[in-house]
Amino acid sequence: MDEVIKIVNDIKGGNIKPMYFLMGEEPYYIDKLSDYIEGNVLSEEEKGFNQTVLYGRDITIEDIVSTAKRYPMMAERQVVIVKEAQDLSRTIDKLESYAENPMPTTVLVICYKYKTLDKRKKATKLLAKNGVVYESKKLYENQVGDWIKRVLSGKKYNIEPKATAMLVEFLGTDLSKINNELEKLQIVLPKGSTITPAVIEENIGFSKDYNVFELRKAIGERNQLKAYKIAENFANNPKENPMVVTTGLVFGFFVQLLKYHGLKDKNPKNVAAVLGVNPFFLKEYDLAIKNYPMRKVSGIVAALREIDVKSKGVGANALSNSDLLKEMLYKIFN
């Protein structure tokens, strides 16, 4: 994120490079940088003749170079943006000759999503030497919560840890998807508001009571009544709660407990870092390792592997989601 801010600040300050090669597994920042350049480098009057958007599936590298070598009309520079450039991955090395001597009056932006260039290749080195090469890396799940807080803080909103956990549980690490949901909340909530689980349930549709997060908590507390009640809700709403996702997340929880049992340094800061969880939730893990000794956890992990295989239709004799959930909970609690 710091690198993104630096690139934007350089552009604001007039330090505009002739090439921006935006690549990597996380498309969110690639889109943000591309949109910023598209919206801010040229004035509205200049854009009509001097801003071109191309798509990788429709063009060749030669088309890009030809467009980039044009001179701007009645403006200091032109902007050429190539979206979905990963479709040109087989021929992307042909950019080498242009990267060696780019047009100083062109700002060429290449959006190369879900892939990266080999940094040892000459083309990559030339792009970095004469322009900017930015790699947008995928965030780990334990980093997404902090990202959500930073984004909301910058827009004058707060969020409760449980609400953050719900977003990560249900949306994963896709920053674009998470940002879309956050923007929906910002439409209905005044600045200065705190986003709570109830707000998420009301405006996004995730139940604050019937979700994998609450199921995991009930299991950790050995609250069988609550766990079976949530499982029943899951069985009645299989589309919103796919069995494969449920077993995967419960399995991940017990793997975390296994790690926790094996830690010599049980300092809260170290535990949170190793488990990849917000320190706010450590009390739940502290209770869970008391309720599930290490030998029991090992047995549950093995049992959950079998449930996971069955949930994927292997050797399950067409067991329903309801039966699989009951079997999972039986093996955990007994």
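Side-chain contact of Q256 with Y285: a donor-acceptor pair under 3.5 Å is present, judged by distance alone. One side chain, Q78 or T106, offers a donor N or O that lies under 3.5 Å from an acceptor on the other. Side-chain N/O atoms of E232 and N236 include no donor and acceptor closer than 3.5 Å. Between the side chains of Q86 and E84, at least one donor-acceptor pair of N or O atoms lies under 3.5 Å. Side-chain N/O atoms of S34 and D31 include no donor and acceptor closer than 3.5 Å. N179 and S176 share no side-chain donor-acceptor pair at under 3.5 Å.
Here the shortest heavy-atom pairing between I289 and H261 reads O-CE1, 3.4 Å. Taking each heavy atom of C111 and I30 in turn, the nearest pair found is CB-CG2, 3.8 Å.
Within a 6.0 Å sphere centred on CZ of R295, other residues, nucleotides and ligands contribute 12 heavy atoms or fewer. Crowding of E284 atom CD: a count of heavy atoms from other residues, nucleotides or ligands under 6.0 Å exceeding 12.
Taking the side chain as every heavy atom from C-beta outward, D58 and Y55 approach each other to under 4.5 Å. Contact annotation: the side chain of Y29 never approaches that of E3 to less than 4.5 Å [non-hydrogen atoms, C-beta and beyond]. Residues K184 and N203 form no side-chain contact, since every pair of their non-hydrogen atoms from C-beta on lies 4.5 Å or further apart.
Ring-centre distance between F281 and F213: below the 6.0 Å cut-off. Residues F234 and Y210 keep their aromatic ring centres 6.0 Å or farther apart. Taking the six-membered ring where the residue is Trp, the centroids of W147 and Y140 are separated by 6.0 Å or more.
Salt bridge absent: D286 and K290 never bring a charged side-chain N and a carboxylate O closer than 4.0 Å. Salt bridge absent: E26 and K113 never bring a charged side-chain N and a carboxylate O closer than 4.0 Å. Using a 4.0 Å cut-off between charged nitrogen and carboxylate oxygen, K310 and E327 count as a salt-bridge pair. Of the charged side-chain nitrogens involved, none lies within less than 4.0 Å of a carboxylate oxygen, so that E100 and K125 do not count as a salt-bridged pair.
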* **Residue pair S320, D323: steps toward the side-chain contact (heavy atoms from CB on, under 4.5 Å) verdict** => CA-CA 5 Å; S320 67; D323 289 337; 3.2 Å; yes
* Please step through ring-ring contact (aromatic ring centres under 6.0 Å, His included) for the pair Y134 and F21, ending with a clear verdict. => CA-CA 6 Å; Y134 167 70; F21 198 96; over 10 Å; no
* Could you walk me through whether N241 and V245 pass the side-chain contact (heavy atoms from CB on, under 4.5 Å) check? -> CA-CA 7 Å; N241 304 281; V245 175; over 6 Å; no
* Verify side-chain contact (heavy atoms from CB on, under 4.5 Å) between K331 and E306, making sure each step is shown before the conclusion. => CA-CA 11 Å; K331 290 188 175 181; E306 293 178 12; 3.5 Å; yes
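To the nearest 0.5 Å, atom CG of residue D308 and atom OG1 of residue T247 are 4.5 Å apart.
Under the salt bridge (charged side-chain N to carboxylate O under 4.0 Å, His left out) rule, D118 has a single partner from K121, R120, K115, which is R120.
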